[in-house]
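Heads up: the structure comes next, in structure tokens.
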Amino acid sequence: MDIEALNAEHGIDGILRFTEGRGGLTMIEIANAQATALISPYAGQVLAYRPTDAADDLLFVGERAYFAEGKAIKGGIPICWPWFGADPEAKGRSAHGFVRAWPWQVLATESLADGATRVQLGIADDAETRAVWTQYFNLLVDIHVGTTLSVDLSTLNAGDRPFNITQGLHAYFKVGDASRIRVDGLDGCRYIDKAADGGDAVIRQEGQVAFEHEVNRIYEDVPPVLTIVDPTLDRRIRIESEYSRTAVVWNPWVETAKAMDDLDDQDYRRFVCVETVNTASEVIEIPPGETYRLAARYSIEPL
Ligand SMILES: O=P(O)(O)OC[C@H]1O[C@H](O)[C@H](O)[C@@H](O)[C@@H]1O
């Protein structure tokens, strides 16, 4: 990407600038009166966000994460689209779709009246995308960096026939010690346990979610607000989701973390994923000419 041209067209003095970051990837650095943030146009991914009054970043990105074209960045908020999880057509395409390892266009940047900063990135179908996924589409992500962080994904079906998607905002939240945190808000919800043998047992959650082994669950009919309670960092992370009734909770724990090249063996202690998704029974059909959204707002509160 031409950093100079991007700064000339989309830079905001003293608030937003384009720079060269890890792996030589172009990054968007934001520092406004309310927060700082780091966004990668490659993958359309928020990598860091910290409100001015917070001691720690909201998000986790590991030292071993890949920062290379064609690879997914493990950390921050990867966008899983147009499928969540394994390739639904079993064609050997990568898990979680292709846009988390794809260049997004910078469409707009803006300083908002409330002091927040807005960034819009997008991908429109072309011959390269259609070689992976045959549909005609316009995919946009709107990111607001202020006293809260919001990520709003919208899919326009630009073709002449309906298509189905599953998708997710696969957020990696920084935690002080995964063995001490709790996820609140899922009591009584049914979940598909992907960590259990066979990966399809359906169980009902009782109380808060705790972590003492690998957790990989798809929760259904979840409430719009979930929270991560973190006694080590003395904070609560609030996740408000829209256009989604399904959430994934994931921590690889010891063995799975060891097996992943882009995670350090101890990284499982440092993050938990609570993902705003449409998957499992929530498959989204988008008619021609129509748009479907998926959105989440994240905030940090003291315990
Ligand atoms: O390693 P990745 O492809 O980034 O996927 C990371 C994880 O994403 C989700 O949370 C899935 O539920 C897990 O099964 C998967 O391991």
Side-chain angles (χ1 to χ4, degrees), residues 1-3 5-6 9-10 18 20-28 39-47 65-108 119-143 151-170 243-244 248 260-262 275-280 282-294:
M1 293 182 111
D2 182 341
I3 289 180
L6 284 166
E9 186 178 356
H10 294 294
F18 293 80
E20 185 174 321
R22 280 174 73 172
L25 296 178
T26 299
M27 296 291 167
I28 302 173
I39 300 169
S40 169
Y42 169 75
Q45 195 160 332
V46 181
L47 294 172
Y66 301 133
F67 279 78
E69 306 251 344
K71 295 246 185 198
I73 304 171
K74 207 179 226 84
I77 310 177
I79 294 174
C80 306
W81 189 97
W83 58 86
F84 184 88
D87 177 353
E89 295 169 35
K91 290 181 180 167
R93 296 171 294 181
S94 57
H96 295 326
F98 63 93
V99 301
R100 65 174 180 157
W102 204 269
W104 293 58
Q105 245 197 302
V106 179
L107 299 174
V119 172
Q120 188 184 62
L121 307 170
I123 301 179
D125 68 90
D126 59 18
E128 282 180 70
T129 65
R130 290 193 298 274
V132 181
W133 190 60
T134 56
Q135 306 296 349
Y136 296 81
F137 66 87
N138 201 351
L139 181 66
L140 300 175
V141 65
D142 245 286
I143 301 160
V151 178
D152 195 327
L153 188 66
S154 62
T155 303
L156 167 70
N157 177 347
D160 58 8
R161 56 196 163 102
F163 60 62
N164 286 352
I165 62 167
T166 56
Q167 55 184 348
L169 302 174
H170 192 311
Y243 316 103
S244 159
V248 168
M260 290 179 162
D261 286 344
D262 51 353
E275 308 161 33
T276 299
V277 303
N278 301 128
T279 191
E282 205 177 20
V283 175
I284 307 298
E285 179 177 287
I286 308 181
E290 298 204 12
T291 294
Y292 188 83
R293 294 167 65 185
L294 179 67

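These figures come from a predicted structure and were not determined experimentally.
Scanning both residues, Val132 and Arg93, for their nearest heavy atoms gives O-NH1, 2.8 Å. The shortest heavy-atom contact between Pro288 and Pro162 is CD-N, 3.7 Å. Nearest heavy-atom pair, Pro41 versus Thr26, reported as atom, atom and distance to 0.1 Å: CD-O, 3.1 Å. Pairing each heavy atom of Ala72 with each of Ala101, the nearest pair is N-CB, 4.2 Å. Nearest heavy-atom pair, Ala65 versus Lys74, reported as atom, atom and distance to 0.1 Å: CB-O, 3.6 Å. Here the closest non-hydrogen pair linking Ser244 and Leu294 is CB-CD1, 3.6 Å.
To the nearest 0.5 angstrom, Lys71 atom NZ is 8.0 Å from Asp261 atom CG. Taking OG1 from Thr279 and CD from Gln167, the interatomic distance works out to 10.0 Å, rounded to the nearest 0.5 Å. How far CD1 of Ile286 is from CZ of Arg161: 13.5 Å, rounded to the nearest 0.5 Å. Atom CD of Glu89 is separated from atom CH2 of Trp133 by 9.5 Å, given to the nearest 0.5 angstrom. Atom-to-atom distance recorded for Leu140:CG and Trp104:CH2 is 8.0 Å, nearest 0.5 angstrom. Atom CZ of Phe137 sits about 8.0 Å away from atom CZ of Phe163, to the nearest 0.5 Å.
In summary, the side chains of Asn157 and Glu290 do not present any donor paired with an acceptor at a separation below 3.5 Å, with no hydrogens or angles considered.
Proximity of Trp81 to Thr166: side-chain heavy atoms (C-beta onward) are nowhere separated by under 4.5 Å. Inter-residue side-chain proximity for Leu47 and Met27 is flagged as met; some heavy-atom pair is nearer than 4.5 Å. Counting heavy atoms from C-beta outward, Val151 and Val141 have side chains that approach closer than 4.5 Å. Within the 4.5 Å cutoff, the side chain of Leu25 has heavy atoms near those of the Glu69 side chain. Between Val106 and Glu9, the closest side-chain pair of non-hydrogen atoms is not below 4.5 Å. Put simply, the side chain of Leu6 reaches to within 4.5 Å of the side chain of Met1, judged on heavy atoms.
In this pair, Phe84 and His96 present their aromatic rings tilted. The plane angle is within the 30 to 60° band. Ring-plane geometry between Trp102 and Phe98 is classed as perpendicular, the angle between the planes exceeding 60 degrees on a 0 to 90 degree scale with a lower cut at 30.
Side chain of Tyr136 to main chain of Arg130: no donor-acceptor pair is present (N/O by atom type, distance under 3.5 Å, no hydrogens or angles). Judged by distance alone, the side chain of Asp87 and the main-chain N or O of Lys91 form a donor-acceptor pair under 3.5 Å.
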Query - Pair Asn164-Ile284, side chain to side chain contact (heavy atoms under 4.5 Å, CB included): steps then yes or no - result: CA-CA 5 Å; Asn164 286 352; Ile284 307 298; over 6 Å; no

Query raised in the report: Going through the distances and angles, do Leu169 and Val277 end up as a side chain to side chain contact (heavy atoms under 4.5 Å, CB included)?
Result: CA-CA 6 Å; Leu169 302 174; Val277 303; over 6 Å; no

**Report entry** Residue pair Ile79, Arg100: steps toward the side chain to side chain contact (heavy atoms under 4.5 Å, CB included) verdict
**Finding:** CA-CA 6 Å; Ile79 294 174; Arg100 65 174 180 157; 5.5 Å; no

**Report entry** Leu107 and Leu121: CA distance, side-chain angles, deciding distance, side chain to side chain contact (heavy atoms under 4.5 Å, CB included) verdict
**Finding:** CA-CA 5 Å; Leu107 299 174; Leu121 307 170; 5.9 Å; no

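More than 12 heavy atoms of other residues, nucleotides or ligands shown are found within 6.0 angstrom of CD on Glu285. For Tyr292, the OH atom counts as densely surrounded, since its 6.0 Å shell holds more than 12 non-hydrogen atoms of other residues, nucleotides or ligands.
When the options Thr155, Asp152, Leu153, Asp142 are evaluated for a side-chain contact (heavy atoms from CB on, under 4.5 Å) with Arg293, the one that passes is Asp152.
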